[in-house]
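Notes to accompany the following structure.
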Amino acid sequence: QVQLVESGGGSVEAGGSLRLSCAASGYSGSNICMGWFRQAPGKEREGVATLSIGASSTVYADSVKGRFTISQDNAKNTVILQMNSLKPEDTAMYYCAADSRYFGFLCRPRPDFRIWGQGTQVTVSS
């Protein structure tokens, strides 16, 4: 069973940067879809970015394009979300997710990911 543990959240001023990490364990395959999602209070969960490991393809929400980058640290079996030029509207609980059913073009910010982490809070002040 895949397990995900997020870290790296915190508080930052607008324009600053944060780096989120998602450590994955319990998966031995080479093809899996990894994603970052976020949910602000009173709002629906939003897909932020996905990475199809094995296909090396990425998808970003329009709201974060050009500011966020999703990548993989192979040595540490970790997926990274580098967040730059942060805005107050980026404030949310950020969740890492994984699903081995999706690969390539099917790996995108979709709501039916099977495995979820516990979340890490990101707060951006103006």
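Computation of the quantities below employed the complete heavy-atom set of this structure, encompassing side-chain atoms and omitting hydrogens, waters and symmetry-equivalent molecules. Please read these numbers as outputs of a predicted model, since none were measured by experiment.
- One N or O on the side chain of Ser52 and one on the backbone of Gly104 form a donor-acceptor pair closer than 3.5 Å.
- For the side-chain contact (heavy atoms from CB on, under 4.5 Å) test with Leu81, the passing option among Leu18, Leu51, Thr69, Leu20 is Leu20; the others fail.
- Considering OG1 of Thr58 and CD of Gln72, their distance stands at 12.5 Å, rounded to 0.5 Å.
- Between the side chains of Ser63 and Glu89, not a single donor N or O lies within less than 3.5 Å of an accepting N or O.
- Asp99 places no side-chain N or O within donor-acceptor distance of the main-chain N or O of Cys33, the cut-off being under 3.5 Å.
- Interatomic distance, Thr50 OG1 to Phe37 CZ, rounded to the nearest 0.5 Å: 7.5 Å.
- The distance from the SG atom of Cys107 to the CZ atom of Phe113 is 5.0 Å, given to the nearest 0.5 Å.
- Separation of atoms CD (Glu46) and CD (Gln39) is listed at 10.5 Å; rounding is to 0.5 Å.
- Closest approach of Phe103 and Gly54 over heavy atoms only: CE1-C, 3.8 Å.
- Here the side chains of Pro109 and Val59 are in contact, with some heavy-atom distance below 4.5 Å.
- Side chains of Met83 and Val122 form a contact here, defined as non-hydrogen atoms less than 4.5 Å apart.
- Taking the side chain as every heavy atom from C-beta outward, Phe68 and Leu86 approach each other to under 4.5 Å.
- With rounding to the nearest 0.5 Å, the separation of CD in Glu13 from OG1 in Thr123 is 13.0 Å.
- A 4.5 Å side-chain heavy-atom check between Tyr95 and Leu4 finds every atom pair outside the cut-off.
- Taken from CD1 in Ile53 to OG in Ser100, the straight-line distance is 11.5 Å, to the nearest 0.5 Å.
- Counting heavy-atom neighbours within 6.0 Å of Gln3 CD, excluding the residue itself, gives a total of 12 or less.
- Pairing each heavy atom of Arg45 with each of Pro111, the nearest pair is NH2-O, 3.8 Å.
- Ile115 and Ile32 fall within a single hydrophobic cluster, where Ile, Leu, Val, Met, Phe, Trp and Tyr are joined by side-chain heavy atoms under 4.5 Å apart, directly or via other members.
- Listed by chain and residue number, Val5, Glu6 satisfy the side-chain contact (heavy atoms from CB on, under 4.5 Å) test with Gln118 (two or more places apart in sequence, or in another chain).
- The number of heavy atoms from other shown groups lying within 6.0 Å of CZ (Arg101) is above 12.
- Partners of Arg67 by side-chain contact (heavy atoms from CB on, under 4.5 Å), not counting sequence neighbours, listed by chain and number: Val64, Ser85, Lys87, Asp90.
- What you find for Ala98 and Met34 is that their closest heavy atoms are CB-SD, 3.4 Å.
- Side-chain atoms of Thr120 do not come within 3.5 Å of backbone N or O of Tyr94 as any donor-acceptor pair.
- The closest side-chain heavy-atom distance from Ile70 to Tyr60 is below 4.5 Å.
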